[in-house]
Number of protein chains: 2
Amino acid sequence: MFVKPTRDRRAERREATRAEIVDAAWELVRAEGLAALSVRDLARKVGLQAPSLYSYFASKNAIYDALFAQGAAQYLEDVEAQLTPTGDPLQDLRAGMHAFVRFCTDDPVRYQLLFQRTIPGFEPSPESFAISIAGLESVQRRIAGLGITEPGDLDLLTALGTGLTDQQISNDPGGDRWIRLVDSAMEMYFTHVTHRKSRP
Amino acid sequence: MFVKPTRDRRAERREATRAEIVDAAWELVRAEGLAALSVRDLARKVGLQAPSLYSYFASKNAIYDALFAQGAAQYLEDVEAQLTPTGDPLQDLRAGMHAFVRFCTDDPVRYQLLFQRTIPGFEPSPESFAISIAGLESVQRRIAGLGITEPGDLDLLTALGTGLTDQQISNDPGGDRWIRLVDSAMEMYFTHVTHRKSRP
DNA sequence: GTCTATATTTGGATAGAC
DNA sequence: GTCTATCCAAATATAGAC
């Protein structure tokens with residue numbers, strides 16, 4: 001009689017191969033650009049023929065989606081990892097923004113995939129998108145803990161984050177021309193959101 | 001004996017056709033996305049066969065470059081058009097930022113071409129790039145006239161501009177969620193750059 | 001200057017044998 | 001699951017006739 005094994009070695013192997021493909025895809029897009037990903041090149045990189053990839057991913061966009069999901073999970077992890085308020089809100093804001101800009105500049109292609117909409121036919125699946133939403137909600141909770149609860153204040157903070165990051169990546173890649181402004185920008189922001197005269 | 005005519009009708013016709021091609025290219029990229037531009041489609045749109053386009057532009061990137069140059073010229077014109085200081089620096093900053101965000105959100109594809117680096121093999125030619133530099137320098141002179149001369153202050157302003165624009169385009173296209181923050185953001189910025197305690 | 005014809009490359013995706 | 005073989009579509013760009 002058939003006994004269901006506790007481990008499904010076949011499924012494990014399959015997942016391992018999928019992970020290998022995703023890793024190789026990151027290498028490719030980092031080297032050639034996000035839009036330059038091709039199924040052929042990717043297959044060769046993992047020692048397969050192109051059609052064999054379709055046993056693991058239904059389409060090229062499914063591969064993009066796997067990259068998006070993994071990047072969003074890394075972002076969520078990155079945000080959650082620094083949830084340690086010090087009692088000094090400004091210091092926490094500075095640390096959080098530094099972490100964000102570093103996360104983005106560490107891997108500009110990942111930033112492009114997660115926070116810009118630049119790939120022609122690709123939209124993340126609802127499941128993958130939910131992960132990135134969770135990341136934003138984590139930021140929201142984090143700054144709420146610092147006393148910043150106005151929706152517009154969160155929006156202003158995300159604008160500052162993407163603006164500093166965008167300029168850094170586009171106009172001074174590898175440098176620190178906008179990274180140097182993070183502390184000052186957070187001071188500006190913190191003063192603004194705390195010295196508000198009236199609730200709008 | 002040959003007398004050089006005062007007008008070169010042939011050259012005029014040629015320039016007119018080039019302009020027609022550029023106009024059609026804008027229509028195409030606005031409809032299909034920047035990366036989706038194809039020489040075939042473009043040729044068909046102006047009633048030519050694909051190879052005939054090569055009589056006007058040496059390559060596809062030359063077409064991108066013409067778009068870039070035109071967009072940069074429009075930006076320069078947009079910035080120069082509002083060089084009318086009112087004596088109220090904060091009001092001028094607000095007006096200038098509103099104009100910038102409107103310029104970008106009016107044509108997100110143009111914004112993508114000018115201010116983000118997203119097309120795989122394309123880099124603007126030195127001549128085209130010089131136009132966009134002239135635009136930035138115009139902004140620099142403009143805020144210098146308002147008393148803002150620290151280099152880092154210009155960088156912070158451009159970060160605010162691209163950040164607000166990026167978020168508006170990416171997360172609320174057609175809406176005003178980040179546009180609504182422009183006035184408040186400029187107040188924040190102006191207070192920051194004027195209330196500095198010491199010259200850093 | 002414009003055309004037809006074509007070279008050349010490259011891409012995503014499928015069929016069917018093994 | 002992986003392969004070979006192939007389809008199909010699309011792209012940039014060139015050659016050469018008219």
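Residue numbering restarts at 1 for every chain, and letters A, B, ... go by the order of the sequence lines.
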Looking at the side chain of [X], which of [options] is the nearest nucleotide?
X     : options               : value
A:S38 : D:dA11, C:dT2, C:dG11 : C:dG11
A:R10 : D:dG1, D:dC3, D:dA15  : D:dG1
B:P51 : D:dT12, D:dT2, C:dT4  : C:dT4
B:D41 : D:dA11, D:dG1, D:dC3  : D:dA11

Atom CG of B:L93 and atom CE of B:M188: how far apart are they, to the nearest 0.5 Å? 11.5 Å
Output the rounded distance in Å from [atom1] ([X]) to [atom2] ([N]).
X     : N      : atom1 : atom2 : answer
A:L28 : C:dG11 : CG    : P     : 11 Å
A:R14 : D:dT2  : CZ    : P     : 9 Å
A:L42 : D:dT2  : CG    : P     : 13 Å

Contacting residues from residues 56-71 of chain B, given that a heavy atom lies under 4.0 angstrom of DNA chain D: B:S59, B:K60
Tell me whether A:R110 forms a cation-pi arrangement with A:Y75, defined as NZ or CZ under 6.0 Å from the six-membered ring centre and within 45 degrees of its axis. no
B:K45 and B:E20 ion-paired at < 4.0 Å: no
Measure from the ring center of B:F115 to the ring center of B:F103 and say whether it is less than 6.0 Å. no
Are there more than 12 heavy atoms of other residues, nucleotides or ligands under 6.0 Å from atom CD of A:Q82? yes
Looking at every strand, decide which applies to A:L37 at a 4.0 Å heavy-atom threshold: base, sugar-phosphate, or nothing. sugar-phosphate
Quick one: label B:R13 by what it contacts on the DNA or RNA (base, sugar-phosphate, nothing), any heavy atom closer than 4.0 Å. nothing
Side chains of A:Y56 and A:I63: closer than 4.5 Å at any heavy-atom pair? no
Hey, does the side chain of B:S52 come within less than 4.0 Å of C:dC3's phosphate (OP1/OP2), counting only N and O? yes
Any donor-acceptor pair under 3.5 Å joining the side chain of A:R40 to the base of C:dT10? no
